[in-house]
K.L.:
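My questions all concern the structure below.
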Amino acid sequence: MLKFEKGQIIKNISSSWFSLGINIVTGIFLSPFILHHLGDTAFGVWVLIFSVTGYYGLFDLGIRSSVVRYVSKFTATNENEELAKVVNTSLFSYSCIGLASMVVTLLLCFYVDHVFAKIPPEMMPTARWLLLMVGGSVALGFPLGVFNGFLEGLQRFYILNWSNVIATLLRTALIVVVLNRGYGLIMVAFITIVLPMIASLVRAVIAMRLRPVPLSAKYVDRATFRRIVNYSSSTFLIMVAGRLKFKTDEIVIGTMISAAAVTYFNIGNRIVDYAGQVVTTLAQVFVPMSSQSEAKGDMNRLRKIFVVGNRVCAFIIFPICATLIILGKSVIQVWMGKKYVVTSYPVLVVMIIACTLWWSQSASGRVLFGMGKHGTWAKITLIEGVSNLILSIILVRPFGIIGDAFGTAIPLACSTIFFMPRHVSNLLHIRLRTYLREAYVLPFLLTMPLVAVLLLLKRWFVPHNYRELGFQLVIGGAVYGAGLLWAYFSNRALRTGELVVKLEPGPNAPSVVTEAVETYQGDV
């Protein structure tokens, strides 16, 4: 019987979801609060600047993913000197990257009026200061990010999560105070960037106490740097593609339509992003788990992570997708106001359908990262990202922000349907139809009663306030929760049936045998 470290997994996932819950609740409260205090244009500038500086994440070059990978691997194999080389080499590399990103920030500040031509002239000085502040914080965040990756590699996600909870609550309280006292966008930005930096410093101290690693220039090693580059090069391509897929929409809209239009798109897209975070906070634990399994040569465990991990992701995202499609108009009206419903709801529907196809396979990408087999995926997802940008530019003028949403959704749906399931199934030698059946049939069936209940409730009355919306969500959640409890107590939630494993011809397999059946009845 295959058993994972349940206590550690539960601690990591529960703290991740609690942290996410705090982020979502504060976001639901803060976003309309900031919007109504600053106005559509200033809020659009806020979103636009953070979207541009989000591209600084490309300077990461995939190094953080290699930190997680090799910290988990060398911790599992007790190679302490190799661990020290990884940490010190990454820290040196990140310090150089931070300096380079600061130079880019200074250059952008000089040409902000050319880069953001659609921003009103009276907002240009604010945009310049905002860009300088956010860019500077990102530059300092690069070397500090090594210790975040270090904690992930140690599977101490709960430390990251609890420090984030404290920083988020402080940030929310301070933003409310300064806006009520008449301060503007610059002060809000200052609070937003300073508190995460303080949290990163605290995490660095904790990381060094948990697993002391000597910090010295003698551990900055060329061979380790080459190892990191070999792994992170594919990660970098995936990061570039991710930025093209999910961080270009606001820029395309802001440069080709208006800053105010960014606000309307961001409302629908923000709800989708919150939904995805519920899944991605869970899926992040699969990277160090997969890396440790690969280091020990445990392929059975990798198959369990792949199949059951994606099933759990589907358990989460399927009901969220159904709920947002049925109640999305009410969610937008209650959250931001009735005037945003007509424009933002179509963006929500288009994005949530495509993203659900992707997030229901969140464990797949994490398994590839953990195994160090993400090269082919990197190339495919880069093609997807370029296609996304081209389609968004083509469609945004004739169809507005909904055209931009389709530009993102079409390539994303194609790659998640036609590439990822078959690729990972082949890599782990599992038949595709077996994987699809084991991972998705049960979550889909459990979601159907929820859909029926929400449609019936909507025929009864359409929610127009938090109380009415909460009532329908509680009823629907109770129906779906009952189905989950049945699946769990009947041992169907975390178990697999027969996994058909395709055996490649080799020294350990008879030449006449091409496939065999292995049955795994373990718990995740």
K.L.:
So, taking the atom named OG in Ser90 and the one named CD1 in Ile97, what distance separates them when rounded to the nearest 0.5 Å?
P.N.:
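Reported value, rounded in 0.5 Å steps: 9.5 Å.
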
K.L.:
Quick check: closest heavy atoms across Ser360 and Cys313, and the distance to 0.1 Å?
P.N.:
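Ser360 and Cys313 have their closest heavy atoms at O-CB, 4.1 Å.
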
K.L.:
Quick check: does any side chain N or O of Ser415 sit under 3.5 Å from a backbone N or O of Leu412, one acting as donor and the other as acceptor?
P.N.:
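Confirmed, Ser415 side chain pairs with Leu412 backbone.
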
K.L.:
Check whether any side-chain N or O of Asn88 sits under 3.5 Å from a backbone N or O of Pro214 as a donor-acceptor pair, and report yes or no.
P.N.:
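Between the backbone of Pro214 and the side chain of Asn88 there is a qualifying donor-acceptor contact (under 3.5 Å).
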
K.L.:
Check step by step if side-chain hydrogen bond (donor to acceptor under 3.5 Å, both in side chains) holds for Asn164 and Arg203.
P.N.:
CA-CA 10 Å; Asn164 177 69; Arg203 292 167 189 157; 4.6 Å; no

K.L.:
Assess the residue pair Val213 and Tyr219 against the criterion (side-chain contact (heavy atoms from CB on, under 4.5 Å)); give the C-alpha distance rounded to whole Å, side-chain angles, the decisive distance to 0.1 Å, and a yes or no.
P.N.:
CA-CA 10 Å; Val213 173; Tyr219 291 107; over 6 Å; no

K.L.:
Check Ser95, Ser200, Cys96 against Pro143 for a side chain to side chain contact (heavy atoms under 4.5 Å, CB included) and give me the one that passes.
P.N.:
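The option that passes is Ser95.
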
K.L.:
Considering only heavy atoms from C-beta outward, does the side chain of Leu210 approach that of Leu151 to under 4.5 Å?
P.N.:
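Heavy-atom side-chain distance check passes, below 4.5 Å.
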
K.L.:
When rounded to the nearest 0.5 angstrom, what distance separates CE in Met102 from CG in Leu107?
P.N.:
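Separation between the atoms: 10.5 Å.
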
K.L.:
Is there a side-chain contact (heavy atoms from CB on, under 4.5 Å) between Asn310 and Tyr435? Walk through the geometry before answering.
P.N.:
CA-CA 10 Å; Asn310 279 327; Tyr435 157 64; 3.1 Å; yes

K.L.:
Could you report the tightest heavy-atom contact between Ala275 and Ile317, atom names first, then the distance?
P.N.:
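Smallest heavy-atom distance, with atoms named: O-CD1, 4.0 Å.
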
K.L.:
Where is the tightest heavy-atom contact between Leu391 and Gly407, given as atom of each residue plus distance?
P.N.:
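Smallest heavy-atom distance, with atoms named: CB-CA, 3.7 Å.
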
K.L.:
Check whether any side-chain N or O of Asn426 sits under 3.5 Å from a backbone N or O of Arg422 as a donor-acceptor pair, and report yes or no.
P.N.:
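Answer holds: yes.
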
K.L.:
Check Val424, Leu427, Val367 against Lys373 for a side chain to side chain contact (heavy atoms under 4.5 Å, CB included) and give me the one that passes.
P.N.:
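Result for side chain to side chain contact (heavy atoms under 4.5 Å, CB included) with Lys373: Leu427.
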
K.L.:
Does a side-chain heavy-atom distance below 4.5 Å link Ser93 with Phe142?
P.N.:
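No, every pair of side-chain atoms sits at 4.5 Å or beyond.
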
K.L.:
What residues form a side-chain contact (heavy atoms from CB on, under 4.5 Å) with Leu174, not counting sequence neighbours?
P.N.:
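With sequence neighbours excluded, Leu174 shows a side-chain contact (heavy atoms from CB on, under 4.5 Å) to Ile191, Leu195, given in chain and number order.
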
K.L.:
Does the pair Val103 and Leu99 meet the rule for a side-chain contact (heavy atoms from CB on, under 4.5 Å), with working shown?
P.N.:
CA-CA 7 Å; Val103 171; Leu99 289 174; 5.9 Å; no

K.L.:
Are the side chain of Thr89 and the backbone N or O of Val86 linked by a donor-acceptor pair below 3.5 Å?
P.N.:
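Checked: no pair found.
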
K.L.:
More than 12 foreign heavy atoms under 6.0 Å from CZ of Phe92: is that the case here?
P.N.:
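Check fails, neighbour count at 12 or below.
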
K.L.:
What are the two closest non-hydrogen atoms of Ala283 and Ser362, and how far apart are they?
P.N.:
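For Ala283 versus Ser362, the nearest heavy atoms are CB-CB, 3.6 Å.
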
K.L.:
Roughly how far apart are Asn269 CG and Thr408 OG1, rounded to 0.5 Å?
P.N.:
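The CG atom of Asn269 sits 7.5 Å away from the OG1 atom of Thr408.
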
K.L.:
Excluding sequence neighbours, so at least two apart, what forms side-chain contact (heavy atoms from CB on, under 4.5 Å) with Phe419?
P.N.:
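For Phe419 the side-chain contact (heavy atoms from CB on, under 4.5 Å) partners, ignoring immediate neighbours, are Thr376, Trp377, Ile380, His423.
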
K.L.:
Rounded to the nearest 0.5 Å, how far apart are OG of Ser392 and CG of Asp404?
P.N.:
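If I round to the nearest 0.5 Å, the distance is 4.0 Å.
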
K.L.:
Would you kindly say whether Gln277 and Asp273 are connected by a side-chain donor-acceptor distance under 3.5 Å?
P.N.:
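Yes, because at least one side-chain N or O of Gln277 sits under 3.5 Å from a partner of the opposite role on Asp273.
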
K.L.:
Okay, side chain of Gln361, backbone of Met420: is any donor-acceptor separation there less than 3.5 Å?
P.N.:
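Side chain of Gln361 to backbone of Met420, a donor-acceptor pair under 3.5 Å: no, none is there.
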
K.L.:
Is there a side-chain contact between Phe147 and Ile206 (heavy atoms, below 4.5 Å)?
P.N.:
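No, every pair of side-chain atoms sits at 4.5 Å or beyond.
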
K.L.:
What is the distance from atom CH2 of Trp358 to atom OG of Ser364, rounded to the nearest 0.5 Å?
P.N.:
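Nearest 0.5 Å value for the CH2-OG distance: 7.0 Å.
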
K.L.:
May I ask you to test the Val272-Trp359 pair for a side-chain heavy-atom distance under 4.5 Å?
P.N.:
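Val272 vs Trp359: side chains touch.
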
K.L.:
Verify side-chain contact (heavy atoms from CB on, under 4.5 Å) between Val252 and Ile393, making sure each step is shown before the conclusion.
P.N.:
CA-CA 7 Å; Val252 170; Ile393 293 173; 4.3 Å; yes

K.L.:
Locate the shortest heavy-atom distance separating Leu302 from Leu428; write the atom from each residue and the value.
P.N.:
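Reported closest heavy-atom pair: O-CD1, 4.1 Å.
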
K.L.:
Is the backbone of Val176 close enough, under 3.5 Å, to the side chain of Asn180 for a donor and an acceptor to pair up by distance?
P.N.:
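The answer is yes, because a donor-acceptor pair under 3.5 Å joins these two groups.
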
K.L.:
What distance separates Thr356 OG1 from Ile316 CD1, expressed to the nearest 0.5 Å?
P.N.:
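Atom-to-atom, Thr356:OG1 and Ile316:CD1 are 12.0 Å apart.
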
